[in-house]
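See below for the structure under consideration.
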Amino acid sequence: MVNKNMRYDLIFFIIIFLDLISLYGKSLVIEAKRTTIASKQMVRIGVILDLDSPIGKMARSYMSMALSDFYARNATYRTKLTLSVKNSSKDAVAAASAALELMNKEEVQAIIGPQNSNQAKFVINLGEKAQIPIISFSATSPSLSQTQSRFFIRTGLDDSSQVKAITSIVKAYRWREVVLIYEDTEYGNGLIPYITDAFQQIDTRVPYRSVMSPSSSPNQILEELAKLREMETRVFLVHMTASLGSKVFVHAKKAGMMSKGYAWITTAGLSTLLHPEMEEAKVTGSMEGVLGVRPCVPTSKDLEDFKLRWKRRKLPNIGKTMQSTSEINLFGLWAYDTIWALAKAVELVGPEVNYSSDVLNHKTNSKNTDEMFGITVSKAGPRLLQALLRASFQGLSGKFQLINGHLQPAAYEIINVVRKNETVISHLGNSNCWAPNKEASKPIWPGNTSTPPEGWVIPAGKKLKIGVPVASDDFKEFVNIDWSRHDNDPQRYSGFSIDVFREVLKRMPFAVLYEFSPYMNTSTKEAAGTYDELLYQIKLKQFDAVVGDTTIIGNRTSYVDFTLPYSETGVQMVVKVKDNERKNIWIFLKPLSWDLWLTSGAAFIFTGIVVWILEHHINTEFGDGSRKQQLATTLWFSFSTLVFAHKEKVVSNWTRFVLIIWIFVVLILTQSYTASLASLLTVDKLQPAVVDVNALRQTGAYVGYHKNSFVRDLLISQLKFEEKNLKAYSTPEEFHQALSNGSKNGGVDAIFDESPYIKVFHAKYCSRYIVVGPTYRTDGFGFAFPLGSPLVAYISRAILNVTQNYTIMEPMQDKYFPYETKCQDPSSTFSLDNLSLNVYSFGGLFIITGVISISSCLIYMVHFLYNHWPALSSLHPEAPVLSTIAKHFDRKDSSVLAIEQTNQATHVNSVSVTEARGDDASPYDRNNLLSHAVSSDQGISDNVAIDEEDDEIPLHSMDSGRFIYGCA
C-alpha cells in the first residue's frame, strides 16, 4: 500500500517538473521574441485616407493585413513599417495639413495616399519639398505623373490605360456618337482629353459633355438627365466616383433612361467600386444592362487564400454593406501590394541608412528645413524612391513592376450587370481590343434585351425640319413648290429630288417624321441666299437636313455630312452652234488640215523634181526648151498626176518605179479627200462657236452660270475667269436668250452649269447649242445632314436601294425629263481635236515615197558618174569637178539627140514628099519641098559633126554606152 502511494507521488512530481520546464521554455521564447522585436528598426510611414468612405476603411484593413502577412513571412527582416494613419475627410486642405503633420511632427519616410486625385495634387508638391515618396494607389487621373514631381509614384493604373478597352466596345457596335458624363473634379476631367482623342481616331463624335458637380442635388441631376433624354444620342460613357455615380443611375432609372435603346458604359473607377453587392438594392437594380471595363486580376494561390481570410475577417468599422461581400476590391489589392513593395524597399535601404540617426539629423540641422512650411528634408527619401522604382514581385493584383513611376499596364475585362450581379463577358487580353463573337457571352442591355442598341434615336414625336431650296422660275424639274392661293404658304412639294427622298424614307428600317421648310425671304418668296448659305443653316441648327438639288463638294463637308449621291453631276460648258458649214464657200478646204495641204504640195513639187532629174538628160519632153519651160513641164507633169491626166512619156525605169509609189499615194489622198468632203456636205455636223475655255479667257468674253450655285466660285478660283465677265441666270429661257445674243449684244458666249441642268436645257434647244470641253467632276446631288448624324448611313443605304431599282427610277425619269430622249445626249461632247484630216494620218505614205524617190536619184547619179567619169576627167581637167559634172549633166545624151533629130527629119521629109506628091501641088512647090528635104538631111549630118567636134569626143567612145542612158 505504501509502495503504491509512493508511486503516485513520483508520477505527480514528474508531471510538475515537466510543467515547470515547459513554462521556463515558453518564457525563454517570449523573451527571445521581445528581444527580436526590440532589435528591429522601425520605419514610420504616413497614410492619408478618407476614413469616412467605404473605400478608405477597406484600404486601411487591406494595409493592416498586408503588414501582418509580410512580416509573418519575413520574420528575419531588420526593418519594420509602422503606419501613421490620418483622415483627409474628403478635403484637399485637410489632406495637405495631414501631410505637413506627418512630415514635420512624425517625420515619416514616405506617405501612402491621399485617396483621390484632387488631394494628391497638393500633397505631391509637399513631397517634392520634403524629398519623400508620395505613393498613391487610388489617384488615377492621367494629369498626375512623374513629370510634375519625381517623388510621385502610382501603384495603381492611371485612367488613360482603359481608353483602348472603351473604344473597342464603341467600335465593335459601330456607334457614331457618345455622350460623356463625368464629374467636375481632377479625377473626372483628367480622362476627357484622352478619350475624346481616341474617339476621334475611330470617327466617333462627342456631341455633348455632361459635367456634374460632386455636390449636385437630385434636382440638378434630373435636369441634366432631361437634357440628355431630348438628344438623339443614346450611348453614354460615365466617368465618376461611386458616390456620385450611384446617384446618377438611380435618377436615370426614374427618368426612364435605363430602358430599351439606351447603352451605358462605366469606366474602371466606377466599375471597380460600384460592386452590386457593395451597394443598396435600389442602386444595383438601376444598373441593369450596364457595361463596364476594369483591369483583370490574375488568379493565384495567394489570392485565393487571401479571399478566404478576408471573408472570415470581422470588420465592424467598414460598414454593413461592406461586411456582406466576400469579393475582392482592386483598389484594396493595390493598397496591399503597396505595403509589400514599401516594406521590401525599406529593408533594401535599411543596411545603408540608419533611419533613427536620419531623423535626429533632421531635427538638429536647420539647413534642411523649408523656411515657409518648416518641412523637414529626408535623407533616406531619395534612396527609398530608387528602391521602390526597382521593386518587382508577384503581388495579389498581379505583376508589381513600376514603369516611369507607374504600375505597368494590365489587360482589361468587360463586365455586364445582370440581375444585380456582375458577369464577365470578355477578357480583352494585352491588346485591350474586343469584338463581339460567339465565344464571348452576349451582353444584356437596358430593358432586359440582348439586341444591341443602335446608339441613337429620333426623339418620340419629333419632326425633322428639312430645308428646301427655293427658286421661283428655276429648274422646276428638281424642286418645285406650289403655293396656296389663299395664304401664300407652301401647299405642295414636288420634283425629282423630292420624290427620290420620299422613296428613300419608305425603305428606312424605322419611321422618320419630317416637314419641309422653304429657305426663302418671306416677304418676296425668293431664295434667302445661296446653296452654301442654305446648307450652313444645318450647322446653325435652323434645319435638321436639306433636301434638294444640292451638290456634294469638298468645302461643304466641313459643316455638313452628305449621303451617297442620288444623281451624277459635273460642271459642263455649253456654247452656241456655228452656222451651217455648207454655206461656206471655202468648205472644199475643210477636209484637209493646213499642215496636210502644205505637205501634199511640197510632195508634189519634190516628186516633179525627182522625175526631172531622172528624165531630162535622156528624155526630150523634160529637157527641151529653156529652164522656165522645163520647170513648167515638170510641175505640170507632177500636179497632173493628181487627176491622172499626165501625157508626158517617161523613159527611165527608175522614174517608172518612183511614179508607181507616188500615184498610189495620190490615190489614197484623193479618195480620203473625197470621202471627207462628201461627209461635210451631206451630214449635219454641229460645230461649236467656241471650242475651249482658253479662247473665252483670251478674248475676255462674258460667260454665264446658274444663279446661287457654287459654279461661280469654280469659274473664279479654278478656271481663272475675271469676276466682271460673269453673269448669273436662273432659267433655261434666260440661258437661251443670253447665248443667242452673245457677248457683243449683252449676252454671253458660254454657259457653265451642272450636267443635270445642262441636260434639261439642251433637251429644249437641241440643235442650237452644244456641250464642249471637259467635264469638271463633282460627286453628284446628295441630301445633307448635321456632321456625324447617324441618319446619313441609313439614308445612304436606302438611296442605293432606290437608285438601283429600275422600276422606280425609270418612271421618275420619264415624269420629270420626258423630252431628253428627243435630242442628242449632251454628254457626247464635241471633241476639241480638229475634224480635218491631218498630216499624221498619212505620215507613213510620205515617208515611203520620199525614201524611194531619194534612193532612185542616188542610184541614178552613181550610174551617171560611173559611165561618164573618164570623159569628165579628160574634158576640162583645169575646171572644178562640180561645175564640170553640172555642165555635162545638163546636156542631153548626143546619141539620143541624133536619133530624135533623125526621127524629126524623117518625119519632115515624109511630110514634104507627101505634100509634093499631092495632086494639088504645083511642080514648083514639089521641087522646093524636095530640095528642102535634102538640105535638111545634110544639116542633120552637119550638126552631128559639129557636136562631135565641139565635144572633142571620139565617136567610137560613145558606142559602148550609147543606149545605156536611155535604158537606165
Side-chain angles (χ1 to χ4, degrees), residues 54 157 161-162 164-173 175 178 234-240 242 245-246 248-250 252-253 257-300 303-304 307 310-311 321-322 324-333 396-398 410-453 455:
L157 295 177
S161 62
Q162 63 186 314
K164 285 186 177 180
I166 295 171
T167 54
S168 69
I169 298 175
V170 175
K171 186 177 181 180
Y173 290 105
W175 291 325
V178 176
R234 288 294 182 262
V235 181
F236 305 106
L237 175 64
V238 183
H239 180 58
M240 294 177 170
S246 60
V248 169
F249 280 107
V250 170
K253 178 76 171 180
M257 298 177 65
M258 299 303 297
S259 57
K260 184 177 180 180
Y262 286 88
W264 293 82
I265 305 173
T266 59
T267 58
L270 192 54
S271 301
T272 301
L273 293 177
L274 197 58
H275 193 285
E277 296 183 9
M278 293 168 58
E279 300 295 330
E280 298 294 335
K282 64 178 182 179
V283 176
T284 56
S286 65
M287 293 183 64
E288 182 79 16
V290 172
L291 289 184
V293 296
R294 67 184 183 191
C296 296
V297 178
T299 58
S300 64
L303 180 60
E304 294 300 323
K307 286 182 180 180
W310 175 256
K311 184 178 180 180
T321 58
M322 293 291 292
S324 62
T325 179
S326 61
E327 294 294 329
I328 298 300
N329 184 271
L330 181 60
F331 286 106
L333 296 180
L396 293 185
S397 63
Y412 276 78
E413 62 186 9
I414 299 175
I415 63 171
N416 184 207
V417 179
V418 182
R419 296 176 183 175
K420 302 182 181 181
N421 294 315
E422 288 181 357
T423 301
V424 178
I425 61 174
S426 179
H427 293 276
L428 302 184
N430 293 329
S431 63
N432 284 334
C433 295
W434 176 67
N437 52 55
K438 294 181 179 179
E439 296 180 359
S441 301
K442 290 184 178 181
I444 300 299
W445 302 96
N448 194 26
T449 177
S450 59
T451 303

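Computation of the quantities below employed the complete heavy-atom set of this structure, encompassing side-chain atoms and omitting hydrogens, waters and symmetry-equivalent molecules.
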Could you check Val178 against Ile166 for side-chain contact (heavy atoms from CB on, under 4.5 Å), going step by step and ending with a plain yes or no?
CA-CA 11 Å; Val178 176; Ile166 295 171; over 6 Å; no
Under the criterion side-chain contact (heavy atoms from CB on, under 4.5 Å), I'd like the reasoning laid out for Trp175 against Arg234: C-alpha separation, chi angles, the key distance, then a yes or no.
CA-CA 9 Å; Trp175 291 325; Arg234 288 294 182 262; over 6 Å; no
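Of the inter-residue distances, the one linking Thr423 atom OG1 with Ile414 atom CD1 reads 13.0 Å to the nearest 0.5 angstrom. Of the inter-residue distances, the one linking Leu157 atom CG with Tyr412 atom OH reads 5.0 Å to the nearest 0.5 angstrom. Atom CG of Asn448 and atom CE of Met258 lie 12.0 Å apart (nearest 0.5 Å).
With contacts defined as side-chain heavy-atom distances shorter than 4.5 Å, the pair Leu291/Thr266 does not qualify. For the pair Phe249/Val290, a side-chain contact is recorded, criterion being any heavy-atom separation below 4.5 Å from C-beta on. In this structure the side chain of Val424 reaches within 4.5 angstrom of the side chain of Arg294, judged on heavy atoms. Looking at heavy atoms from C-beta onward, Val238 lies in side-chain contact with Leu270 at the 4.5 angstrom threshold. Looking at heavy atoms from C-beta onward, Ile415 lies out of side-chain contact with Ile425 at the 4.5 angstrom threshold. By the 4.5 Å heavy-atom criterion applied to side chains, Trp264 and Met287 are not counted as neighbours. Taking 4.5 Å as the limit, some side-chain heavy atom of Glu288 sits within range of a side-chain heavy atom of Val418. In this structure, Ile444 and Thr449 have side chains that are not in contact, with every pair of non-hydrogen atoms separated by 4.5 Å or more.
Gly269 approaches Phe331 most closely through the heavy-atom pair O-CE1, 4.3 Å. Among all heavy-atom pairs drawn from Leu396 and Val297, the shortest one is O-CG1, 3.7 Å. Nearest heavy-atom pair, Glu413 versus Pro295, reported as atom, atom and distance to 0.1 Å: OE2-O, 4.2 Å. The two residues Gly398 and Pro298 make their nearest non-hydrogen contact at CA-CG, 3.8 Å.
Under a 3.5 Å cut-off, the side chain of Ser271 and the backbone N or O of Thr267 do form a donor-acceptor pair.
With sequence neighbours excluded, the residues satisfying side-chain contact (heavy atoms from CB on, under 4.5 Å) with Pro452 are Tyr173, Trp445.
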